[in-house]
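Let me begin by presenting the structure, written as structure tokens, before commenting on it.
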2 protein chains.
Amino acid sequence: MLTRSAPAEILIRRLHRSTGLDETELADLRTLPATIRELGKNETISREGDRVHHCVLIVDGFLARFLDTREGKRQILSFYVPGDIPDLQSLHLPTMDHSLGSIAPSKIAMIPHKALADLSDRNPRIASALWRETLIDGSITRRWVRCLGRLNARQRVAHMLCELYVRLDAVGLADQPIRLMTQQDIGDAMGLTVVQINRTLRDLRSEELITIEKRHLTIVHRERLQKIAEFDPFYLHLDPEARH
Amino acid sequence: MLTRSAPAEILIRRLHRSTGLDETELADLRTLPATIRELGKNETISREGDRVHHCVLIVDGFLARFLDTREGKRQILSFYVPGDIPDLQSLHLPTMDHSLGSIAPSKIAMIPHKALADLSDRNPRIASALWRETLIDGSITRRWVRCLGRLNARQRVAHMLCELYVRLDAVGLADQPIRLMTQQDIGDAMGLTVVQINRTLRDLRSEELITIEKRHLTIVHRERLQKIAEFDPFYLHLDPEARH
DNA sequence: CGCCAGGTTGAAGTTCCTCAAAATTTGTGG
DNA sequence: CCACAAATTTTGAGGAACTTCAACCTGGCG
């Protein structure tokens, strides 16, 4: 059970923020059964083609969805932060069309599909909130398409950092410097090589737009970075009432 | 009303194929009100930031979702073919986070959100079928991320052509040569310039993998083209029971 | 028949990749 | 807490893939 457990509270806080539903309406989430799992770095949770029976709620760490190419190159499709449920789509499409794994030591709660489906049937508001989360995930993926298709390395990296900051900030994790994933992971996400990521980060640092100390990122000039990246957080739909 | 109209039948056939629901279960779709609209080439239906109140069902033609960059570059996020509802997400996220427009003369049916929402409430099977469509759309977008991030021009174009073929085939429109969008549109979709698209298509033609006559595409060697593109149609989730 | 969107080609330039090596950081066991 | 191995970051040099610019075709349509 998630009763008063950290996972339940994370999810409630998250859905409260994204949908505006109050705690009473979301209290049902505490009835969800869940198995906690601790993961090291680079552990795969599910693979393309797998049939899965649980959804994953991130309690701590970073996960990523990814696809591989024949020559062993990896493309990360999306990063996920605490409070995210990266494989919510598996509730309706249980055969994975991509893989899911950790890119940092992480803690996850595995929630059986059946429990989530039953809860959704009982509680249409929660069903709707989960719907919404999945659609926002789609919006993020579409931004990445634009990012990969039309921005250069500098803009892509800047965009990724802006998005990461805003998403972490939304769950209260951007107060201190942000622990970054490896440059290889950033490259796999932005469709670039590690070398290029390294040079781009060096340039952003030398312009004093960001600092990185012991792998921890601080954004020094958020406005300038956002301008470089053409970043507008609207696509994250963080404010349920926002009208652009 | 969509009663026995072409739009209703297109949607019923489409959802029948993708979900396995039979005609009786989907008959309710005929009660949906709809306004038919004819579009020329390159007409915008809705823009990033717009608040919309209808979903669009494609009856004939091609639509595309897209995002622009500051310098006026356009990134197409996805192509849509007859039977698709490209903006189903607007039912839950009514403020557009991207734009939608035609890339060929097209015929669309505009269905009011309210009617679709009411029908979904009344008929959970249809609700679920629509859910599924949206999730498949997400799967397609994720493939495009991999395509843009990790494939070269040749592979990207091959992938796009394979996907277009299979999606059109699924609605019975791939028997004759396929009327292509402009090379500019293909470039905007694959994150490449027109020039590069032109050269890539020329190469694919000279290898006799495809032929293009009067802008109509025929895939001569589908297997070889799929191999080049690393194309596996599973991600389209066309067969509701497929397990990879 | 002539206009114009769209297709085609060449040449030069840029961005990013590849390969390779070295420096630094992180993690682990003693 | 140190020493060592492994992982990650950093830098350089050369090359490939794609872009940019600019011109010239082509075919469908009024």
Side-chain angles (χ1 to χ4, degrees), chain A residues 38-43 61-62 69 71-76 102-105 147-161 177 179-206 210-217 228, chain B residues 40-43 62 69 71-76 102-105 147-158 160-161 177 179-206 210-217 228:
Chain A
E38 305 264 355
L39 300 170
K41 198 180 296 189
N42 293 326
E43 285 193 52
F62 285 135
T69 65
E71 307 106 49
K73 289 187 203 161
R74 185 176 64 149
Q75 176 63 48
I76 289 181
S102 61
I103 52 172
C147 195
L148 295 179
R150 289 292 179 227
L151 303 185
N152 61 29
R154 176 184 167 77
Q155 295 175 301
R156 285 190 221 177
V157 172
H159 198 281
M160 198 229 101
L161 297 179
R179 166 90 201 196
L180 280 180
M181 49 288 291
T182 65
Q183 296 183 7
Q184 179 65 62
D185 289 330
I186 298 176
D188 286 347
M190 295 295 102
L192 298 164
T193 57
V194 212
V195 175
Q196 189 66 14
I197 297 297
N198 187 277
R199 289 179 174 139
T200 306
L201 286 173
R202 180 193 59 191
D203 294 346
L204 294 176
R205 262 178 300 168
S206 77
I210 62 172
T211 63
I212 299 179
E213 275 172 40
K214 302 195 180 185
R215 290 212 194 150
H216 287 252
L217 166 82
I228 287 168
Chain B
K41 198 179 295 190
N42 294 326
E43 285 193 49
F62 285 137
T69 65
E71 306 107 49
K73 289 188 204 163
R74 185 177 65 149
Q75 176 63 47
I76 290 182
S102 61
I103 51 171
C147 195
L148 295 179
R150 289 293 180 225
L151 303 186
N152 60 29
R154 176 183 166 78
Q155 295 175 300
R156 284 189 222 177
V157 172
M160 197 230 102
L161 297 180
R179 166 90 201 195
L180 279 180
M181 47 286 292
T182 65
Q183 296 184 4
Q184 179 65 62
D185 288 331
I186 299 176
D188 286 349
M190 296 293 101
L192 297 165
T193 58
V194 212
V195 175
Q196 189 64 14
I197 297 296
N198 187 279
R199 288 175 176 145
T200 306
L201 286 173
R202 181 192 59 191
D203 294 346
L204 294 176
R205 263 179 299 168
S206 76
I210 61 172
T211 64
I212 299 179
E213 275 172 40
K214 302 192 181 186
R215 285 210 199 154
H216 287 253
L217 167 81
I228 288 167

Taking all non-hydrogen atoms of both residues, which atom of B/R205 and which atom of B/T211 are closest, and how far apart?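 Smallest heavy-atom distance, with atoms named: CG-CA, 4.2 Å.
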Starting from the first five and the last five pairs of the helix from C/dC1-D/dG30 to C/dG30-D/dC1, work out the angle between the resulting helix axes, to 10 degrees.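 Roughly 50°, once rounded to the nearest ten degrees.
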Taking only N and O in the side chain of A/R215, is any of them less than 4.0 Å away from OP1 or OP2 of C/dT25?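 No, outside the criterion.
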Give the rounded distance in Å between these two atoms: [atom1] of [X] and [atom2] of [N].
| X | N | atom1 | atom2 | value |
| --- | --- | --- | --- | --- |
| A/D203 | D/dT11 | CG | P | 10 Å |
| A/K73 | D/dA17 | NZ | P | 11 Å |
| A/E213 | D/dT9 | CD | P | 16 Å |
| B/Q183 | D/dG27 | CD | C1' | 14 Å |
| A/Q184 | C/dT24 | CD | P | 21 Å |
| A/K41 | D/dA6 | NZ | P | 16 Å |
| A/I212 | C/dT26 | CD1 | P | 12 Å |
| A/L151 | C/dT15 | CG | P | 15 Å |

Expected output is a numbered-order residue list: members of residues 187-201 of chain B with a heavy atom under 4.0 Å from any atom of DNA chain D. What is it?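 Within this stretch, B/G191, B/L192, B/T193, B/V195, B/Q196, B/R199 sit under 4.0 Å of the strand.
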Would a 4.5 Å heavy-atom cut-off, applied to side chains only, mark [X] and [Y] as touching?
| X | Y | value |
| --- | --- | --- |
| B/Q75 | B/T69 | no |
| A/L201 | A/L161 | yes |
| A/V194 | A/T182 | no |
| A/Q184 | A/I197 | no |
| A/M181 | A/M160 | yes |

B/E213 atom CD: more than 12 heavy-atom contacts under 6.0 Å: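 Not more than 12 within 6.0 Å, no.
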Which nucleotide in the set D/dT11, D/dC18, D/dT9 lies at the smallest distance from any side-chain heavy atom of B/A153?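 The answer is D/dC18, which lies nearest to the side chain.
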Starting the side chain at C-beta, find the nucleotide from D/dT11, D/dT10, C/dT9 nearest to A/R205.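 So the side chain of A/R205 is nearest to D/dT10.
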Where the side chain of B/Q196 meets the backbone of B/T193, is there a donor-acceptor pair that is under 3.5 Å apart?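 No, B/Q196 side chain to B/T193 backbone: no donor-acceptor pair under 3.5 Å.
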Who pairs with B/R199 by salt bridge (Lys or Arg N to Asp or Glu O under 4.0 Å), at least two apart in sequence or on another chain?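 Not a single residue meets the salt bridge (Lys or Arg N to Asp or Glu O under 4.0 Å) criterion with B/R199.
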First of B/R150 and B/R202 reached from the 5' end of DNA chain C, by closest nucleotide: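 Looking at the nearest nucleotide for each, B/R202 comes out on the 5' side.
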